[in-house]
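Here's the structure, in structure tokens; my notes come after.
Below, read A as the first sequence line, B as the second, and so on, with proteins coming before strands; counting in each chain starts at 1.
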Amino acid sequence: MSRSIFALVDCNNFYASCERLFKPWLIGKPLVVLSNNDGCLISRSDEAKALGIPMGAPYFKIKPLIEASGVRVFSSNYPLYGNISERVQDLLEEICPRVEAYSIDEWFLSLPDFPETALETFARDLRVKILTSTGMPVSIGIGESKTLAKLANYLAKKTSETDGTLCLTTCNKKQSALEKTDLKYLWGIGSGSVQKLEKLEVRTAQNFYNLPPALVRKVLGVTGLRTHQELHGLPCLQLEDYPEDRKSVLVSRSFGSVVTKREELDEAVSVFSKLAAQKLHRGKMVCSTVSVFLRTNRHKPGDQQYRPNIVISLPTANRSTGEITKAALAGIKEIFKEGYHYKKAGLFLLDLQNEKLVQNSLFSPRDTKSENLSCALDLIDRDFGNAAIHYGTRDHYACWKMNQNLRSQSYTTQWSDLLQVKG
DNA sequence: ATCCTCCCCTAC
DNA sequence: TAAGGTAGGGGAGGAT
């Protein structure tokens, strides 16, 4: 059996590019996208990068720079990004039989071990095809392992003469790639690993590549060793064709303003419960444990800090919005204390199982009626938007809702947001 | 001896 | 004034 080759297709400045898809007047203009609650900067167009706008910075800190240089700013719009992502994925699946959706803007492909020139042609053609049929600019990296495909992709993005694609399947190209790459840009090497390797005078990918495996194992553990072997062309990570069942569901938000009252938290947590139950439903999963947490503002050391959490077992594994909400509210009742400035709350669903594998408990069979109701509510939400119908009140929404003051329209997922073309 | 929990690390 | 959200793996060290 011949070896297989990995390709990584990665969208360029994905969120920023999505925003621009429906706003052609922004082509060539600098723009950025903010995280939830308009907190940090999470995507920049090339023009914004060129202006020296830093990635990940808190918005309020770089607002002066942004305003001075005329950069357009958008709150994040996940329904839009998710839909554009689906379009790219559908296209990839038409072209390639083995596709792994790695993240919202990245896909690994498994390719036959063709000669380098054939792989390069494939990558260039694919890139053009995606650009012309979805409008999304991508970069494509090719290598003998996922880690090498990642490296190729990084260099394809960074280097203008690569035309957005790079193939590292030949030895000398791989060596020159390793030489010019800083250690911290390797996939799997984060800031912690960089610090440890710094002490060994290891600074480039090439330095790391040349370390003896036993030393890598000792310093970085088995995950680091895996990265090392992958760089040497020994694939340790396989293509994950079909998605694994997820192991947990998390819904959490920072609040737009300070929350102090129990009723406000109850309302927020009810909404989180509904979102969490929807995620379970869409994955055909049930859960038997709910965990709720509250957080004060860690950026205000002057404030009295309190970050409680509580774990609640459900009598039966299920995914009813009502059951999950009830458990979550019971949890809030336990951990809530007067007098704190709450900044964030969240809900974990744990002990997830695929519904097919679940046994009915003898003493408390699953409440299928309640689950059917949740299912119906979910469908209504999908057609009419997420705030269409919900448990409990919305009287306090203004207190806890996140800031999203700069959000664009959901052009492709909400009828009310369809793009208007003037005639 | 094995399990469990917490914490760290990583990625996007 | 203002500082994100979601998911997973591994390892240390206590609990059983």
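Closest approach to the Cys40(A) side chain among dG4(C), dT6(C), dG8(C) is made by dG4(C) (side chain taken as heavy atoms from C-beta onward). Among the nucleotides dC12(B), dG5(C), dA2(C), the one closest to the side chain of Lys344(A) is dG5(C). Comparing dA2(C), dC9(B), dG4(C) by their nearest atom to the side chain of Ile42(A) picks out dG4(C). Proximity note for Ser103(A) (side chain, C-beta onward) versus dC12(B), dA3(C), dG10(C): the nearest is dC12(B). Proximity note for Ser191(A) (side chain, C-beta onward) versus dA11(B), dT10(B), dG10(C): the nearest is dT10(B). Distance from the side chain of Val222(A) is smallest to dG10(C) among dG10(C), dG5(C), dA11(B). Here the side chain of Thr223(A) is nearest to one of dT6(C), dG10(C), dA3(C), namely dG10(C). Residue Lys247(A) has its side chain nearest to dG8(C) when only dG5(C), dG8(C), dC12(B) are considered. For Ser35(A), whose side chain is taken as the heavy atoms from C-beta onward, the closest listed nucleotide among dA2(C), dG8(C), dG4(C) is dG4(C).
With hydrogens and angles left out, the side-chain atoms of Ser75(A) and Asp38(A) include a donor and acceptor closer than 3.5 Å. Residues Asp245(A) and Asn354(A) have side chains that bring a donor and an acceptor to within less than 3.5 angstrom of each other. Using modelled atom types, one finds no donor on one side chain facing an acceptor on the other under 3.5 Å when comparing Tyr340(A) with Gln305(A). Under the 3.5 Å distance criterion, with hydrogens and angles disregarded, no donor-acceptor pair is assigned to the side chains of Asp163(A) and Thr165(A).
Shortest non-hydrogen contact noted between Met55(A) and Ile42(A) is CE-O, 2.9 Å.
Backbone-only contact: Asp105(A) has heavy atoms under 4.0 Å from sugar-phosphate atoms and none from a base. Ile189(A) comes within contact range of the sugar-phosphate backbone alone, with a heavy-atom separation under 4.0 Å but no base atom that close. Within 4.0 Å of Tyr102(A), counting heavy atoms only, lie sugar-phosphate atoms of the nucleic acid but no base atom. Residue contacts shown for Leu186(A) are limited to sugar-phosphate atoms, with no base heavy atom under 4.0 Å away. Heavy atoms of Lys300(A) sit under 4.0 angstrom from primed sugar atoms or phosphate atoms, though from no base atom. Here Lys196(A) lies out of heavy-atom contact (under 4.0 Å) with every strand.
Nearest-nucleotide positions on DNA chain C place His299(A) closer to the 5' end than the other of Val251(A) and His299(A). When each of Lys279(A) and Arg226(A) is assigned the nucleotide of DNA chain C bearing its nearest heavy atom, the one mapping closer to the 5' terminus is Lys279(A).
Residue Leu220(A) contributes atom CG, which lies 12 Å from atom P of dA11(B) at whole-angstrom precision. Following rounding to the nearest Å, Phe293(A) (CZ) and dG4(C) (C1') show an atom-to-atom distance of 12 Å. Atom pair Met402(A):CE and dA2(C):C1' shows a separation of 16 Å (rounding to whole Å applied). One can place CD of Gln404(A) at 16 Å from C1' of dA2(C), the figure rounded to the nearest angstrom. The nearest whole Å value for the distance from the CZ atom in Phe255(A) to the P atom in dA2(C) is 16 Å. Here the P atom of nucleotide dG9(C) and the CG atom of Leu225(A) are 18 Å apart, to the nearest Å. Rounded to an integer number of Å, the gap from Leu250(A) CG to dG5(C) C1' is 7 Å. Computed from coordinates, the Tyr81(A) OH to dC12(B) C1' distance equals 14 Å when rounded to whole Å.
Between Arg295(A) and dG4(C) there is no side-chain polar atom (N or O) within less than 4.0 angstrom of OP1 or OP2. Here Ser248(A) does not reach the OP1 or OP2 of dT6(C): none of its side-chain N or O atoms lies under 4.0 Å away.
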Hey, mind stepping through Thr204(A) and Gln206(A) against side chain to side chain donor-acceptor pair (under 3.5 Å) and telling me if it holds? CA-CA 5 Å; Thr204(A) 67; Gln206(A) 176 82 310; over 6 Å; no

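Evaluated for a side-chain contact (heavy atoms from CB on, under 4.5 Å) with Thr169(A), the options Ile142(A), Leu148(A), Leu111(A) yield exactly one hit, Ile142(A).
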